Amino acid sequence: MTSKGPEEEHPSVTLFRQYLRIRTVQPKPDYGAAVAFLEERARQLGLSCQKVEVAPGYVVTVLTWPGTNPTLSSILLNSHTDVVPVFKEYWSHDPFEAFKDSEGYIYARGAQDMKCISIQYLEAVRRLKVEGHQFPRTIHMTFVPDEEVGGHQGMELFVQRPEFRALRAGFALDEGLANPTDAFTVFYSERSPWWVRVTSTGRPGHGSRFIEDTAAEKLHKVVSSILAFREKEWQRLQSNPHLKEGAVTSVNLTKLEGGVAYNVVPATMSASFDFRVAPDVDLKAFEKQLQSWCQAAGEGITFEFGQKWTQPQVTPTDDSNPWWAAFSRVCKDLNLTLEPEICPAATDNRYLRAVGVPALGFSPMNRTPVLLHDHDERLHEAVFLRGVDIYTHLLPALASVPALPSES
Ligand SMILES: CSCC[C@H](NC=O)C(=O)O
Ligand SMILES: [Zn+2]
Ligand SMILES: [Zn+2]
C-alpha cells in the first residue's frame, strides 16, 4: 500500500481519521461515541460484537472473528479507546480534527497512542476476510476504556470477568512505542508503576525561628535519598550501552504539597514520586529500601501508594515460546528489524500477563518520532498503512500456530 493524494485518500486512512475525531479524551472521554463507532465496524465486517460493562459507563467492546478450530485458544488484539488530554495552544492543528498536512502527516491526539492500532487491527481483519481467509484460531479484538489513568475501570476488571475467561486468550498483542530508526520496538515485559506519596510531620511555629525537627527538613532528606537513587540508576543506564531504559528503575519527583504562609512553619508536607520499577527488582526488598529512606530521615514520616503493581511478568522472546516464534518469523520474512525491550511505562499488557496470557507490546511505527502524550502527536499515513500490511501478515501466522502441548 502506498499513500495517495488528498483527492484519493486510502479508505483505511479515512476511517482512522474518523476515529481520531471522537473525543475520548481524559478525564471525560466520550466512550459512547467510540462504542457506537466500533459497533458499526462490527456490522460492516460481519463480526459479532459483545459489550461488557465492567463498571458503570465503562464498556469493553469485543469484536470476534471465529476460527475453524474452537478447541484452540484465541488471539487477543487489544487496544484502549481513551486518549490523554492536550494543551491545545501548543498544537499546530486542532488535536481532534485529524488534520492531514501536504506531506501526509496526520495530527491528532491518539494518532500514535493508540487509535492507529485499533484501526490497523480492524483493517487487517477486513482485508483478510475479503480475501476469503479463515484461520484455525479465533481472533478477538478488545477495545478497552480507562487505560490512560491506570486501567482500574478497564482491563484490570475485565480480566477477572467470566466474559474474559470465555475468550480463552492464548496470546495477546497490545501497544508499544514508535521507533525513530528503521527498526521496530517490541515489548516483552514492563516496569511496575509505584506511585508513592511521602508525608512528613514535624514541629510547627513562627517562620522567624530556628525550629528543630521540621516537616520540611525531614522531607528534604527523603527527597535527597530518592534523587540520589535516581542518579545512581541513571548512571547505570548511561554507562552500559546494553541496557535500555526499561531495564533500570526510574523515579521522578512529581508533586510537592504543604505550607500555608511564608511565616508559618507547617506541621506537615508531602512529596510524590513516580517510580517505575524494573521487572528484575526484588519488590519486597525495594519496599524495605523505601522504608529505610524514610526512617533515616527521622520520626513522623510515612508513605502511601497511589499505584503499586507487584506482579511483573516476562513473555519469553525465544523459540521456546511458539507465539514469539510465529511473531518474529513474520517480522524476519518482512525484513523488519525488531528491538525487544522492557516497556518503560505501564500498559494493559500487565493485566493480561498477570493472568497468564503471554503478551507483546507492539506499535508498528518505525521512522517515527515518539510523540505519544506530546504536543503535535502525529503519524504519517504511509507508516499507518504499512502497519495494516504488517498486521495482515502477523494475524494469519498467529492464528495458525499449531496446538500447543497444553491444547492437545
Ligand atoms: C500507572 S497507571 C498509568 C498508566 C499510564 N499508561 C500510559 O501512559 C502510565 O503512566 O504508564
Ligand atoms: Zn496507550
Ligand atoms: Zn498513553
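Treat the numbers as computed from the prediction; the structure is a model and nothing was measured. Both counts, for ligands and for their atoms, begin at 1 and track the order of listing.
- With waters left out, the protein N, O or S atoms under 2.8 Å from the Zn ion (ligand 2) add up to 4.
- Defined by atom type and a distance below 3.5 Å, a donor-acceptor pair is present between the side-chain atoms of E231 and Q235.
- Legend: side chain to side chain donor-acceptor pair (under 3.5 Å) pairs involving residues 46-58, not counting sequence neighbours, sorted by first then second residue: E39-K51.
- A side-chain donor-acceptor contact under 3.5 Å links Q289 and W293.
- At least one donor-acceptor pair under 3.5 Å links the side chain of D30 to the backbone N or O of A33.
- The pair R197-E257 meets the salt-bridge criterion, with a side-chain N (NZ, NE, NH1 or NH2) lying under 4.0 Å from an Asp/Glu carboxylate O.
- Using a 4.0 Å cut-off between charged side-chain N and carboxylate O, E97 and R109 make no salt bridge.
- Pairs engaging residues 324-343 under the ring-ring contact (aromatic ring centres under 6.0 Å, His included) rule: W324-F327, F327-F362 [sequence neighbours left out].
- At distances below 3.5 Å, at least one donor-acceptor pair connects side-chain atoms of K218 with backbone N or O atoms of E299.
- Residues H373 and D113 form a side-chain contact, since some pair of their non-hydrogen atoms from C-beta on lies under 4.5 Å apart.
- Pocket lining of ligand 1, defined as residues with a non-hydrogen atom under 4.0 Å away: E147, E148, G150, P193, W195, R276, Q307, A345, A346, R350, H373.
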